Amino acid sequence: MGWLRAAVLGANDGLLSTSSLIMGVASASTGRSPIIVAGVAALFSGALSMAAGEYVSVSSQRDSEDADLRREAEELRTTPKAEQIELANIYVERGLDPDLAVQVATQLMARDALGAHARDELGLSDETAAQPVKAALASATSFAAGALPPLLIAILVPPAYVLWTIPVISLLCLAILGALGARTGGAAEGPAVIRVVLWGALAMAITTGIGRLFGTVV
């Protein structure tokens, strides 16, 4: 669920930023080449930026997780009895009887002490462990997927029609992404769709206005 939500947000970012940039350039130029160059640049620069940012962020998270595991391993080596009591208290807080909690903690620590503490004390597991490369690839891919529709419109549609074709298609895609993002999070779809469409329309309107104000028709 977490990865799907991140992918939806990445696609939303790629769609909106690329559409806005293309519209800004299209409003300042009647030629196809500047529009396509802007779209391609937005796709690659955005995807690479998302990948780099996600890699750095998740790498920092992984470093913190590794530090926590090293500290826990040292505590298990030096004070194993205290760690067993700590783990048993966690199970008591979750509803087990004290005697049963001690038995569970003893048996789990006998099998894999560090794994038990990582999972139940630190909240870490193999399934939730930070994976910087996977996160970077997912962010770059989702951003590129979102940026592709406006870029294809810029390539296939005559420049004179770009300024109305891109908003229509982009806002429709934003609405779909907004609904999907809300559904994955268990929220109401209507307000989410309205928010993303309104902000998307505002972003594209502002960049189009900037293009008209500062651009030069060629």
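Here the structure is a predicted model, which is why all the values come from computation and not from measurement.
No side-chain heavy atom of Ser170 sits under 4.5 Å from any side-chain heavy atom of Leu16. The closest side-chain heavy-atom distance from Leu174 to Trp199 is not below 4.5 Å. Two residues are said to be in side-chain contact when any heavy atoms from C-beta on lie closer than 4.5 Å; Leu122 and His117 fail this criterion.
Hydrophobic clustering (side-chain heavy atoms under 4.5 Å, transitive across Ile, Leu, Val, Met, Phe, Trp, Tyr) groups Leu69 together with Ile90. The same ILVMFWY cluster, assembled from side-chain heavy atoms under 4.5 Å apart, contains both Val25 and Trp164. In this structure, Leu156 is not a member of the same hydrophobic cluster as Leu172, with clusters built from ILVMFWY side-chain heavy atoms closer than 4.5 Å. Residues Val162 and Leu151 are members of separate hydrophobic clusters, defined by side-chain heavy-atom contacts under 4.5 angstrom among Ile, Leu, Val, Met, Phe, Trp and Tyr. Under a hydrophobic-cluster definition in which Ile, Leu, Val, Met, Phe, Trp and Tyr are linked whenever side-chain heavy atoms come within less than 4.5 Å, directly or via other members, Leu108 and Leu96 are assigned to the same cluster.
Here the closest non-hydrogen pair linking Ser17 and Phe143 is OG-CZ, 3.4 Å. Closest approach of Ala135 to Val58, counting heavy atoms only: CB-CG2, 3.6 Å. Pairing each heavy atom of Gly178 with each of Ala192, the nearest pair is O-CB, 3.8 Å. Nearest heavy atoms, Ala26 versus Leu163: CB-CD2, 3.9 Å. Closest approach of Pro167 to Met204, counting heavy atoms only: CA-SD, 4.2 Å. When all heavy atoms of Leu171 and Ala201 are compared, the closest pair comes out as CD2-N, 3.7 Å.
Hydrophobic side-chain contacts under 4.5 Å tie Ile194 into a cluster, directly or through other members, with Leu198. Through side-chain heavy atoms spaced under 4.5 Å, either directly or across other Ile, Leu, Val, Met, Phe, Trp or Tyr residues, Tyr55 is tied to Val133, Leu137.
With sequence neighbours left out, the side chain to side chain contact (heavy atoms under 4.5 Å, CB included) criterion links Ile169 to Ile153, Thr165, Cys173.
Once rounded to the nearest 0.5 Å, the distance linking CE of Met109 with CD of Gln84 reads 5.5 Å. Here the straight-line distance linking atom CD of Glu72 with atom CZ of Arg77 works out to 13.5 Å at 0.5 Å rounding. Within the model, atoms CE of Met23 and CD1 of Ile210 stand 12.0 Å from one another, a figure rounded to the nearest 0.5 Å. A distance of 10.5 Å separates CG in Asn89 from CD in Glu121, rounded to the nearest 0.5 Å. With values rounded to the nearest 0.5 angstrom, Ile176 atom CD1 is found 12.0 Å from Asn12 atom CG. Note that CD of Glu54 and OG of Ser59 are 10.0 Å apart. Values are rounded to the nearest 0.5 Å.
For the side chain to side chain contact (heavy atoms under 4.5 Å, CB included) test with Pro150, the passing option among Ile35, Leu15, Ile155 is Leu15; the others fail.
Looking at Asp97, its side chain never comes within 3.5 Å of a backbone N or O of Leu100 through a donor-acceptor pair. Side chain of Thr18 to backbone of Ala147: no donor-acceptor contact under 3.5 angstrom is found. The main-chain N or O of Val157 is found under 3.5 Å from a side-chain atom of Arg32 such that the two form a donor-acceptor pair.
A salt bridge is defined here as a Lys NZ or Arg NE, NH1 or NH2 lying under 4.0 Å from an Asp or Glu carboxylate O, and Arg62 with Glu65 fails to meet this definition.
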Stepwise side-chain hydrogen bond (donor to acceptor under 3.5 Å, both in side chains) test for Gln107 and Gln103: CA-CA 6 Å; Gln107 293 182 20; Gln103 294 179 26; 4.9 Å; no
side-chain contact (heavy atoms from CB on, under 4.5 Å) assessment of Val102 paired with Tyr91: CA-CA 8 Å; Val102 171; Tyr91 297 143; over 6 Å; no
